[in-house]
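First up is the structure itself, then whatever we jot down about it.
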Amino acid sequence: METMIQIKDVTKTFVGKDNTVEALKGINLEIHKGEIYGIIGMSGAGKSTLVRCLNFLERPTSGTVFVEGKDLSTLNDGELRQTRTQIAMIFQHFNLLMQRTVLDNICFPMEIIKKPRKEAVERARELLEIVGLSEKELAYPAQLSGGQKQRVAIARALATNPKILLCDEATSALDPTTTKAILALLKEINEKYGITIVIITHEMTVVQEICSHVAIIDEGVLAETGTVEEVFQRPKSKAAKKLVFQGDRQQHEEMKGKRCIRIVFTSNSSFEPVIANMVLTCKAPVNILLADTRDIGGVAHGQMILQMPEDDGAAEKMIQYLKNRKLEVEELDHYVG
């Protein structure tokens with residue numbers, strides 16, 4: 001596949017009066033044309049700094065970014081401005097101009113590149129139709145809901161026909177239903193126009209909803225990359241496990257066993273009542289600490305975290321029972337106790 005963005009050895013250090021912060025430490029990443037790529041991490045991990053380095057709004061301390069093979073560090077200010085017209089961005093808080101109508105907000109980036117007013121209005125109306133807000137062209141941002149504001153922001157971002165759309169926590173200020181609708185719109189735009197989309201988020205559910213690939217940033221370091229399915233089924237890094245295993249971590253007094261396992265179900269393995277059958281066959285109880293299902297790329301995936309019996313023999317027998325049924329089984333260290 002053709003590479004759209006290549007991040008090469010990128011570091012970013014902020015030097016303050018009293019301290020120095022290494023926000024990014026040697027990041028290497030490739031994002032291919034037409035992908036919806038998720039970059040995920042907890043607050044303060046460095047993901048928002050990374051997204052601002054993708055269009056050189058933040059210039060890396062060292063390393064560089066290539067967009068369609070073009071090294072951004074070699075461009076002068078005029079060339080960089082020209083390249084940025086191909087890299088649009090939407091934000092958590094929409095960043096709309098409150099004194100302008102919806103139509104004029106969408107026309108704004110076209111004014112900057114001196115597009116004739118008549119053409120700009122025509123293009124803005126096309127985009128309003130795409131985002132489902134044709135009837136709101138004369139409304140002001142204060143008259144819109146959060147979801148409608150984000151739709152206007154998406155329309156504005158698409159005004160200059162960008163090849164890349166960067167979404168920095170674009171759904172964090174929205175409720176779950178509106179988030180789902182905005183993600184569906186982004187997916188539709190990606191499929192219809194082939195725009196490469198990079199989604200920065202702290203929510204695994206957002207990545208699982210529409211992304212094909214994911215990179216996990218932890219304390220400025222690239223902890224793990226892979227397809228969303230791979231990372232969900234077999235998370236390797238501590239940061240990935242923390243994001244995938246988000247759930248109830250309360251202590252359970254009923255069982256004393258410290259040994260815990262995680263099992264992953266796909267649509268192929270969800271028909272047999274496997275846990276009930278395992279308990280009946282092995283004649284020992286287990287404690288279900290976490291159970292959920294996720295939709296990844298249109299396929300149902302489930303996970304369970306089980307606290308095993310204190311007796312190692314019974315625990316081994318159960319693990320073998322699950323493996324014989326072709327389930328992914330992973331032992332977790334220090335999940336309880």
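Nothing fancy with the numbering, it's 1 onward along the sequence. All figures in this text were calculated on a predicted structure; none of them were measured in a lab. Below, all heavy atoms of this structure are taken into account, side chains as well, without hydrogens, waters or symmetry copies.
With respect to L29, the side chain to side chain contact (heavy atoms under 4.5 Å, CB included) criterion is satisfied by exactly one of T225, L54, I5: T225.
Nearest heavy atoms, K149 versus P141: CE-O, 3.0 Å. Listed here is the closest heavy atom pair of A124 and L103: CB-CD1, 3.7 Å. For the pair K163 and M4, the tightest heavy-atom approach, listed with the atom from each and the gap, is CB-CE, 4.2 Å. When all heavy atoms of P60 and G63 are compared, the closest pair comes out as CB-O, 4.0 Å. Nearest heavy-atom pair, L24 versus C53, reported as atom, atom and distance to 0.1 Å: CD1-SG, 4.1 Å. Across every non-hydrogen atom of A284 and M318, the tightest pair is O-CE, 2.9 Å.
Atom NZ of K25 is surrounded by more than 12 heavy atoms from other residues, nucleotides or ligands within 6.0 Å. When the shell of 6.0 Å around NZ of K115 is examined, it contains more than 12 heavy atoms from other residues, nucleotides or ligands. Around CD of E111, the count of heavy atoms belonging to other residues, nucleotides or ligands within 6.0 Å exceeds 12. A 6.0 Å sphere centred on CD of E331 holds more than 12 heavy atoms belonging to other residues, nucleotides or ligands. Applying the 6.0 Å contact sphere to CD of E126 captures more than 12 heavy atoms from other residues, nucleotides or ligands.
Between L75 and L72 the shortest side-chain heavy-atom distance falls below 4.5 Å. Within the 4.5 Å cutoff, side-chain heavy atoms of V231 are placed close to those of I216. You'll find the side chain of I319 reaches within 4.5 Å of the side chain of M308, heavy atoms only. The closest side-chain heavy-atom distance from R259 to E316 is below 4.5 Å. Put simply, the side chain of L186 reaches to within 4.5 Å of the side chain of C167, judged on heavy atoms. With contacts defined as side-chain heavy-atom distances shorter than 4.5 Å, the pair L166/I200 does not qualify. Residues V51 and I39 form no side-chain contact, since every pair of their non-hydrogen atoms from C-beta on lies 4.5 Å or further apart. Counting heavy atoms from C-beta on, the side chains of E2 and H32 never come closer than 4.5 Å.
Criterion: ILVMFWY side-chain heavy atoms under 4.5 Å apart, direct or through other members. Under it, L127 and Y140 are not part of a common hydrophobic cluster. Neither I31 nor I36 shares a network with the other; the hydrophobic side chains, linked directly or stepwise wherever heavy atoms of I, L, V, M, F, W or Y lie under 4.5 Å apart, form separate groups for each. Following chains of ILVMFWY side-chain contacts shorter than 4.5 Å, one can reach I182 starting from I199, so the two form part of one hydrophobic cluster. Follow the hydrophobic side-chain contacts under 4.5 Å out from L174 and you reach I189 in the same cluster. Under the 4.5 Å side-chain contact rule for hydrophobic residues, L243 and V207 share a cluster.
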Without placing hydrogens or testing angles, list every side-chain donor-acceptor pair under 3.5 Å for residues 87-99, not counting sequence neighbours.
none

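Classification of E209 and K187 as a salt-bridged pair fails, no side-chain N sitting under 4.0 Å from a carboxylate O.
No donor-acceptor distance shorter than 3.5 angstrom exists from the side chain of Q86 to the backbone of T83, with no hydrogens or angles considered. Under a 3.5 Å cut-off, the side chain of T61 and the backbone N or O of T13 do form a donor-acceptor pair. The backbone N or O of I106 sits nowhere less than 3.5 Å from a side-chain atom of R100 that would complete a donor-acceptor pair. At least one donor-acceptor pair under 3.5 Å links the side chain of T196 to the backbone N or O of G34. Judged purely by atom type and a 3.5 angstrom limit, D71 has no side-chain atom pairing as donor or acceptor with the backbone of F66. Listed for the R151 side chain is a donor-acceptor partner under 3.5 Å among the backbone atoms of V131. Distance alone, capped at 3.5 Å, is enough to place a donor-acceptor pair between the E224 side chain and the K236 backbone. Judged by distance alone, the side chain of N28 and the main-chain N or O of D9 form a donor-acceptor pair under 3.5 Å. Although no hydrogens or angles enter the test, the distance criterion places a donor-acceptor pair under 3.5 Å between the side chain of T227 and the main chain of E230. Between the side chain of D218 and the backbone N or O of V221 there is no donor-acceptor pair closer than 3.5 Å.
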Applying side chain to side chain contact (heavy atoms under 4.5 Å, CB included) to L306 and I275, what does each step give before you reach the verdict? CA-CA 10 Å; L306 305 179; I275 304 303; 3.9 Å; yes
Given K47 and H202, is the side chain to side chain contact (heavy atoms under 4.5 Å, CB included) satisfied, shown in steps? CA-CA 9 Å; K47 58 193 186 298; H202 64 277; 4.1 Å; yes
For the pair K8 and Q6, evaluate side chain to side chain contact (heavy atoms under 4.5 Å, CB included) and give the outcome as yes or no after the intermediate values. CA-CA 6 Å; K8 204 165 184 183; Q6 185 183 14; 4.2 Å; yes
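Partners of T281 under the side-chain contact (heavy atoms from CB on, under 4.5 Å) rule, at least two apart in sequence or in another chain, are Y321.
At a cut-off of 3.5 Å, with distance as the only test, a side-chain donor of T11 or S62 sits close to an acceptor on the other residue.
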